[in-house]
Amino acid sequence: DKAVETVIDFMNSNQKVGICGGQLLDLDGKKQNSIAYTPTLVTELFNKSLLRKFLPKKYPGKEHNISKPLEVESLVGAFLVIKKEAIDDVGLMDESFFFFFEETDWCLKMRKKGWLIFFHPDAKVYHLQGQTAKKFQINARIEYWRSRYIFFKKHYGAKILVPLMIGLLLKLALSLILNLLFCFLTAFLYKKAVERSKLYFAILIWHCLGFPPEYGLNNLSIREMKK
């Protein structure tokens, strides 16, 4: 109740806030990660949970008790309120991002134009997190990797994109080896390890094939995604 009103009242009282979002919740009331960060080599190559734990001021998250509106770098896009003036100033979302990172890119562009991004803990919203992506897990993860590369190429260029790709592929290869080893040791009875191995292998093949566009979510029709 009053989640939208809470955000709108706050934004009306703070004219330089271009985007504001609230606390996302599971149906059982547990907090979801609602705050995002501008992606860097650190955020993408290291464990985000550990970053939130050991560097809470730089990487605030659901583990922390945030009691008042907080300026942040970015927000998870499930619930955002955006000022019309900010959209007129910055423009709409970049359609290069089909699914993932579009709101992250938008928040960064807003900040570069002088608009503020805020998280409001009193605006609580239920969010059925990842229900569409779960139906197409491999396609969704490939789309995530594609969007991440688009973001880094757009904002950092090849000098940062190349080490990012190398680091991510090393992590991917190590994860695949460890999961396959676990599968062999458990006689492939541990279903999650088998599914993760399939996922890591599919992402690795996508890289080997040269990032073909037919892999991912963009090739699925809206009808297929709604089923």
Side-chain angles (χ1 to χ4, degrees), residues 2-8 10-11 14 17-40 42-44 46-53 55-83 86-87 90 92-112 115-137 139-152 154-155 216-217 225:
K2 297 189 180 302
V4 175
E5 292 91 334
T6 297
V7 170
I8 290 176
F10 173 75
M11 296 179 78
N14 298 272
V17 177
I19 301 181
C20 186
Q23 178 61 61
L24 304 174
L25 303 172
D26 293 332
L27 285 180
D28 60 5
K30 291 182 180 179
K31 291 193 293 185
Q32 297 177 7
N33 281 318
S34 309
I35 299 171
Y37 326 108
T38 300
T40 64
V42 172
T43 65
E44 302 312 299
F46 291 89
N47 185 283
K48 291 184 177 67
S49 296
L50 293 179
L51 291 175
R52 292 195 300 269
K53 181 177 181 179
L55 298 170
K57 290 186 177 180
K58 184 170 178 59
Y59 303 104
K62 65 180 181 180
E63 299 88 350
H64 313 121
N65 183 25
I66 301 172
S67 59
K68 59 183 181 180
L70 177 70
E71 184 180 354
V72 296
E73 293 181 350
S74 185
L75 294 161
V76 174
F79 171 59
L80 303 175
V81 178
I82 304 97
K83 273 200 175 81
I87 296 176
V90 176
L92 298 173
M93 289 184 179
D94 185 348
E95 293 188 10
S96 300
F97 302 93
F98 176 71
F99 201 75
F100 302 115
F101 286 86
E102 66 276 15
E103 75 270 38
T104 313
D105 173 73
W106 212 18
C107 286
L108 179 56
K109 290 193 294 185
M110 291 276 181
R111 290 173 58 225
K112 286 182 176 179
W115 294 97
L116 303 179
I117 314 298
F118 263 81
F119 165 76
H120 202 308
D122 295 335
K124 296 179 172 61
V125 180
Y126 291 111
H127 176 219
L128 303 181
Q129 187 176 28
Q131 294 305 305
T132 300
K134 286 178 183 177
K135 299 176 184 178
F136 307 97
Q137 188 177 23
N139 283 343
R141 295 314 296 172
I142 288 175
E143 198 67 51
Y144 181 89
W145 280 65
R146 176 184 287 117
S147 292
R148 179 163 50 184
Y149 288 159
I150 291 172
F151 183 93
F152 270 77
K154 176 179 179 178
H155 293 287
L217 291 173
M225 294 179 71

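Below, each value reflects all heavy atoms present in this structure, side chains not excepted, and no hydrogens, waters or symmetry copies.
Applying the salt bridge (charged side-chain N to carboxylate O under 4.0 Å, His left out) test to Glu44 and every residue at least two apart in sequence or in another chain returns Lys48, Arg148. With sequence neighbours excluded, the residues satisfying side-chain contact (heavy atoms from CB on, under 4.5 Å) with Ile87 are Ile82, Leu92, Trp106. Glu71 pairs by the side chain to side chain donor-acceptor pair (under 3.5 Å) definition with nothing, not counting sequence neighbours. Residues that satisfy the salt bridge (charged side-chain N to carboxylate O under 4.0 Å, His left out) test with Arg141, not counting sequence neighbours, are absent from this structure. Checked against ring-ring contact (aromatic ring centres under 6.0 Å, His included), Trp115 has no partners two or more places apart in sequence or in another chain. By the side-chain contact (heavy atoms from CB on, under 4.5 Å) test, Leu27 pairs with Tyr126, Leu128, sequence neighbours left out. Lys62 meets the salt bridge (charged side-chain N to carboxylate O under 4.0 Å, His left out) test with no other residue; sequence neighbours excluded. Applying the side-chain contact (heavy atoms from CB on, under 4.5 Å) criterion to Lys68, with sequence neighbours excluded, gives no partner residue. Asp122 meets the side-chain contact (heavy atoms from CB on, under 4.5 Å) test with Thr6, His120; sequence neighbours excluded. For Lys154, the side chain to side chain donor-acceptor pair (under 3.5 Å) criterion is met by Asp94, Asp105, not counting sequence neighbours.
When all heavy atoms of Pro121 and Pro69 are compared, the closest pair comes out as CD-N, 3.8 Å. Shown here for Leu75 and Cys107, the closest heavy-atom pair between the two residues is N-SG, 3.9 Å. When all heavy atoms of Tyr59 and His64 are compared, the closest pair comes out as O-CE1, 3.6 Å. Taking each heavy atom of Ser74 and Glu103 in turn, the nearest pair found is OG-O, 4.2 Å.
When the shell of 6.0 Å around CD of Glu95 is examined, it contains 12 or fewer heavy atoms from other residues, nucleotides or ligands.
How far CD of Glu102 is from CE of Met93: 5.5 Å, rounded to the nearest 0.5 Å. Separation of atoms CD (Glu143) and CZ (Phe136) is listed at 12.5 Å; rounding is to 0.5 Å. With values rounded to the nearest 0.5 angstrom, Leu70 atom CG is found 7.0 Å from Phe118 atom CZ. Rounding to the nearest 0.5 angstrom, the gap separating the OG1 atom in Thr104 from the NZ atom in Lys109 is 12.0 Å.
Residue pairs meeting the side-chain hydrogen bond (donor to acceptor under 3.5 Å, both in side chains) criterion with at least one partner in residues 29-40, sequence neighbours excluded, are Gln23-Ser34, Asp26-Gln32, Gln32-His127, Thr38-Arg111.
Proximity of Lys83 to Met11: side-chain heavy atoms (C-beta onward) are separated by under 4.5 Å at one or more points. Contact of the Phe79 side chain with the Val4 side chain is registered, since non-hydrogen atoms from C-beta on lie closer than 4.5 Å. Taking 4.5 Å as the limit, some side-chain heavy atom of Glu73 sits within range of a side-chain heavy atom of Lys58. Side-chain atoms of Phe151 and Leu108, non-hydrogen and from C-beta on, do get closer than 4.5 Å to each other. The shortest distance between side-chain heavy atoms of Val81 and Phe10 does not fall below 4.5 Å.
Panel note: side chain Asn47, backbone Leu50; a donor-acceptor pair is recorded below 3.5 Å.
The six-membered or imidazole ring of Phe101 lies near that of Tyr144, with a centre-to-centre distance under 6.0 Å.
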